[in-house]
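Note sheet for the following structure.
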Protein chains: 2
Amino acid sequence: MDDATVTAPAPDEDIDLAYDVFARSCPSRHTLEHVTGRWGALTLGALSENTLRFNELRRRVDGVSEKMLSQTLHALERDGLVHREDRQTNPPRVEYRLTPLGESVAERLLSLIELIEGKMPEVLAAQHRYDGRRPA
Amino acid sequence: MDDATVTAPAPDEDIDLAYDVFARSCPSRHTLEHVTGRWGALTLGALSENTLRFNELRRRVDGVSEKMLSQTLHALERDGLVHREDRQTNPPRVEYRLTPLGESVAERLLSLIELIEGKMPEVLAAQHRYDGRRPA
DNA sequence: CTGTATCCGAGTGGATACTG
DNA sequence: CAGTATCCACTCGGATACAG
């Protein structure tokens with residue numbers, strides 16, 4: 001991938017428009033999708049509580065398949081949000097933890113998740129109203 | 001859909017575990033996906049700045065198709081995050097705006113988005129390191 | 001302008017089996 | 001335990017055409 005596809009920020013200026021998620025070619029979109037994607041969000045959430053091993057994560061993130069968890073972890077590791085530590089022991093023991101960057105991302109993500117969880121009664125009420133008006 | 005599939009909260013108690021996004025059957029997962037999904041996040045972000053009409057949204061959310069925008073807006077409206085107002089005029093004029101609930105969700109979402117945009121240099125550096133170690 | 005309907009390819013994602 | 005590899009169903013999502 002080419003990383004120069006976006007409005008190139010002059011290194012000696014502080015441009016706050018450097019990365020704009022609203023632009024379709026901005027690399028921040030990919031990272032945002034890793035973070036907010038179906039399994040990315042839950043994985044970051046789980047790791048914000050503890051360092052976890054692969055199968056511990058699988059159990060914590062209810063419903064994720066091996067394939068998706070593996071894929072998700074690779075993407076998050078590549079983005080520098082998750083650190084993978086292979087203890088090289090027998091039996092194998094691999095631990096996943098958040099990097100400092102991952103922690104700050106997870107913090108804001110969890111704030112969003114908790115808000116939504118707390119507002120679910122309102123959301124469900126809205127859904128019922130909507131479905132009632134459009135019974136099709 | 002059945003809305004009683006989750007740990008039913010006793011109406012007269014304040015249980016903060018009532019909706020747990022980590023449980024695969026929790027309805028909050030659907031809402032979280034609408035909010036954080038590829039187009040949901042950008043749509044909420046765009047509407048947090050202004051009330052917008054359909055085609056204004058299409059232009060703001062660079063790359064979205066009519067179909068996806070329509071679908072996204074329906075989901076967000078159903079969840080009670082977006083209000084749709086049809087002016088019933090000719091030519092047609094339909095405005096989309098955030099509800100109060102939508103605003104609080106968008107606020108936290110934008111906080112996350114802005115963090116990621118700001119950290120993109122770190123993320124890209126991490127990606128290069130990762131790709132360098134695993135050139136395959 | 002504001003959408004819906006249809007087609008269709010590309011990617012998602014689950015189940016299973018297998019390797020180290 | 002910690003994954004990878006493969007198969008395959010299904011959905012996503014874009015392009016296009018059309019409707020109110």
Side-chain angles (χ1 to χ4, degrees), chain A residues 1 23-25 29-30 32-43 46-47 50-78 82-97 130 133-136, chain B residues 1 23-25 29-30 32-43 46-47 50-78 82-97 130 133-136:
Chain A
M1 315 285 187
R24 71 205 298 173
S25 62
R29 272 208 187 170
H30 295 98
L32 180 64
E33 282 172 33
H34 298 156
V35 168
T36 61
R38 186 170 181 186
W39 302 119
L42 297 175
T43 301
L47 288 177
N50 303 294
T51 291
L52 290 172
R53 299 168 62 184
F54 189 82
N55 279 318
E56 290 173 336
L57 266 170
R58 270 198 77 189
R59 283 186 291 272
R60 178 72 176 121
V61 181
D62 189 22
V64 70
S65 67
E66 291 184 353
K67 179 185 171 181
M68 283 302 105
L69 182 56
S70 175
Q71 216 170 84
T72 300
L73 286 169
H74 280 312
L76 295 176
E77 189 194 351
R78 192 173 103 96
V82 164
H83 176 72
R84 175 183 187 276
E85 183 172 359
D86 187 343
R87 299 302 188 89
Q88 300 280 15
T89 60
N90 190 317
R93 182 178 188 89
V94 179
E95 291 180 351
Y96 293 91
R97 79 189 63 197
Y130 184 92
R133 284 201 310 273
R134 312 194 130 208
Chain B
M1 316 286 186
R24 70 204 299 174
S25 61
R29 271 205 188 173
H30 295 98
L32 180 64
E33 282 173 32
H34 298 157
V35 168
T36 61
R38 187 170 179 187
W39 304 119
L42 297 175
T43 301
L47 288 177
N50 304 294
T51 292
L52 291 172
R53 300 169 62 186
F54 190 81
N55 279 318
E56 289 173 337
L57 266 171
R58 270 198 78 191
R59 284 186 289 273
R60 178 73 176 119
V61 181
D62 188 22
V64 71
S65 68
E66 290 184 353
K67 179 185 171 181
M68 282 304 104
L69 181 55
S70 174
Q71 216 171 86
T72 300
L73 285 168
H74 279 311
L76 294 177
E77 189 194 352
R78 192 173 104 96
V82 163
H83 176 71
R84 175 184 186 276
E85 183 172 359
D86 187 343
R87 298 303 187 88
Q88 300 281 14
T89 61
N90 189 317
R93 181 179 187 90
V94 179
E95 291 180 351
Y96 293 92
R97 80 189 63 193
Y130 184 91
R133 285 200 310 274
R134 312 194 133 208

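Values below: every heavy atom of this structure, side chains too, minus hydrogens, waters and symmetry copies.
Not a single side chain to side chain contact (heavy atoms under 4.5 Å, CB included) links B/N90 to another residue, sequence neighbours left out. B/R87 meets the side chain to side chain contact (heavy atoms under 4.5 Å, CB included) test with B/E85, B/T89, B/R93, B/E95; sequence neighbours excluded. Residues meeting the side-chain hydrogen bond (donor to acceptor under 3.5 Å, both in side chains) test with B/R29, sequence neighbours left out: none. Among residues two or more places apart in sequence or in another chain, the side-chain hydrogen bond (donor to acceptor under 3.5 Å, both in side chains) test is passed with A/E66 by A/R58.
In the helix from C/dC1-D/dG20 to C/dG20-D/dC1, the rotation axis of the first five pairs and that of the last five pairs differ in direction by 40°, rounded to 10 degrees.
Contact of the A/H30 side chain with the A/E33 side chain is not registered, since no non-hydrogen atoms from C-beta on lie closer than 4.5 Å.
Each of C/dT2, C/dG3, C/dT4 was ranked by its minimum atom distance to the side chain of B/P92; first place goes to C/dT2. If you check C/dT2, C/dA15, D/dG13 against the side chain of B/R53, the one that comes closest is C/dT2. Counting only heavy atoms from C-beta on, B/M68 has its side chain closest to D/dG13 among C/dG14, D/dG13, C/dG3. Residue B/H74 places its side chain closer to C/dT4 than to any other of D/dG13, C/dC1, C/dT4.
The stretch residues 59-66 of chain A touches DNA chain D through A/E66, each having a heavy atom within less than 4.0 Å of the strand.
Of the side-chain N and O atoms in B/R58, none sit less than 4.0 angstrom from OP1 or OP2 of C/dT2.
Nearer to the 5' terminus of DNA chain C, by closest-nucleotide assignment, is the contact made by B/L73 (compared with the other of A/R38 and B/L73). Between A/R93 and A/K67, the residue anchored closer to the 5' end of DNA chain D is A/R93, taking for each the nucleotide with the nearest heavy atom.
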